[in-house]
Amino acid sequence: PTAFSEVCRVTILAGEVLVAPGSPPSFVYVPTGSGLVVRPDGGYAPSPLPPWVPVGTTGVIRRAERNSEIVAEREVAVIMIPGELYARAWLRPLRVDELAGRLRSAVVTA
């Protein structure tokens with residue numbers, strides 16, 4: 001399928017920087033295990049990134065440069081999805097009517 005046409009899997013070694021602050025939002029990354037840590041700008045504390053949760057989606061959607069650093073504390077495999085491909089084939093925002101329907105069914109009326 002098109003969604004996987006340019007996707008690749010790479011191994012990030014301990015100490016390697018996956019994302020640098022100010023870099024372009026070229027990819028969305030999906031770590032397949034633990035080992036990546038995000039170090040946000042602005043004095044926020046570093047935090048580990050969970051496996052199988054896409055990282056970098058906001059920058060790709062907004063086309064904004066990266067505002068934090070992501071570093072590997074240990075070797076970890078990462079799935080790399082090109083940003084344009086992610087926006088075109090992976091991102092599936094809800095239409096207004098879909099969101100309204102889901103909210104109506106999720107909210108319990110007292």
Side-chain angles (χ1 to χ4, degrees):
T2 303
F4 290 94
S5 64
E6 301 170 46
V7 173
C8 66
R9 182 179 173 181
V10 298
T11 299
I12 308 302
L13 302 177
E16 285 188 314
V17 175
L18 180 64
V19 171
S23 63
S26 302
F27 294 93
V28 168
Y29 303 97
V30 182
T32 63
S34 17
L36 295 180
V37 174
V38 62
R39 297 178 180 158
D41 283 350
Y44 296 98
S47 60
L49 295 174
W52 300 107
V53 176
V55 177
T57 57
T58 303
V60 164
I61 293 165
R62 294 180 53 224
R63 293 176 171 42
E65 65 182 32
R66 305 301 186 173
N67 61 2
S68 58
E69 179 179 67
I70 298 176
V71 178
E73 288 192 329
R74 64 178 163 266
E75 185 176 302
V76 61
V78 174
I79 297 169
M80 295 175 60
I81 307 165
E84 290 300 318
L85 175 66
Y86 180 83
R88 191 175 64 249
W90 289 68
L91 181 64
R92 299 284 182 222
L94 297 175
R95 293 186 321 264
V96 173
D97 60 317
E98 291 173 322
L99 176 60
R102 289 185 187 189
L103 290 173
R104 276 191 214 99
S105 65
V107 176
V108 178
T109 307

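Fair warning: this is a prediction, and the values are worked out from it, not measured in the lab. All values below were derived from every heavy atom in this structure, side-chain atoms included, with hydrogens, water molecules and symmetry-related copies excluded.
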- In terms of heavy-atom contacts, does CG of Asn67 have more than 12 from other residues, nucleotides or ligands at under 6.0 Å? no
Rounded to the nearest 0.5 angstrom, the CD1-CZ distance for Ile12 and Arg74 is 14.5 Å
Here the gap from Glu84 atom CD to Arg63 atom CZ, rounded to the nearest 0.5 Å, amounts to 4.5 Å
When every non-hydrogen atom of Leu85 is compared with those of Glu6, the smallest separation belongs to CD2-N, 4.0 Å
Could you see if Val78 belongs to whatever hydrophobic cluster contains Ile70? Use Ile, Leu, Val, Met, Phe, Trp, Tyr and a side-chain cutoff under 4.5 Å. yes
Scanning both residues in full, the closest heavy-atom pair of Leu13 with Ala72 reads O-CB, 3.4 Å
Exactly one of Pro21, Pro25, Ser26 clears side chain to side chain contact (heavy atoms under 4.5 Å, CB included) with Arg66, and that residue is Pro25
For Pro40 and Ala45, the nearest pair of non-hydrogen atoms, with its separation, is CD-O, 3.7 Å
Closest heavy-atom pair, Val30 versus Pro54, reported as atoms and distance to 0.1 Å, is CG2-CA, 4.0 Å
task = Identify whether Val55 and Tyr86 are in the same connected component of the hydrophobic contact network (ILVMFWY, side-chain heavy atoms under 4.5 Å).
result = no
Value for CZ (Arg62) from OG1 (Thr57), rounded to nearest 0.5 Å, stands at 11.0 Å
Taken to the nearest 0.5 Å, the spacing of Tyr29 OH from Leu49 CG works out to 12.5 Å
Heavy-atom closest pair (Ser34 atom, Pro51 atom, distance to 0.1 Å) is N-CG, 3.7 Å
Shared ILVMFWY cluster between Ile61 and Val7, side chains joined below 4.5 angstrom? yes
Quiz item: Is there a chain of hydrophobic side chains (I, L, V, M, F, W, Y, each step under 4.5 Å between heavy atoms) that links Val19 to Val10?
Solution: yes
Review point. Transitively linked via ILVMFWY side-chain contacts under 4.5 Å: Phe27 with Leu18?
Key: yes
Between the side chain of Thr32 and the main-chain N/O of Ala77, is any donor-acceptor distance below 3.5 Å?
-> yes
Correct closest heavy-atom pair for Trp90 and Ile81 would be NE1-CG2, 3.8 Å
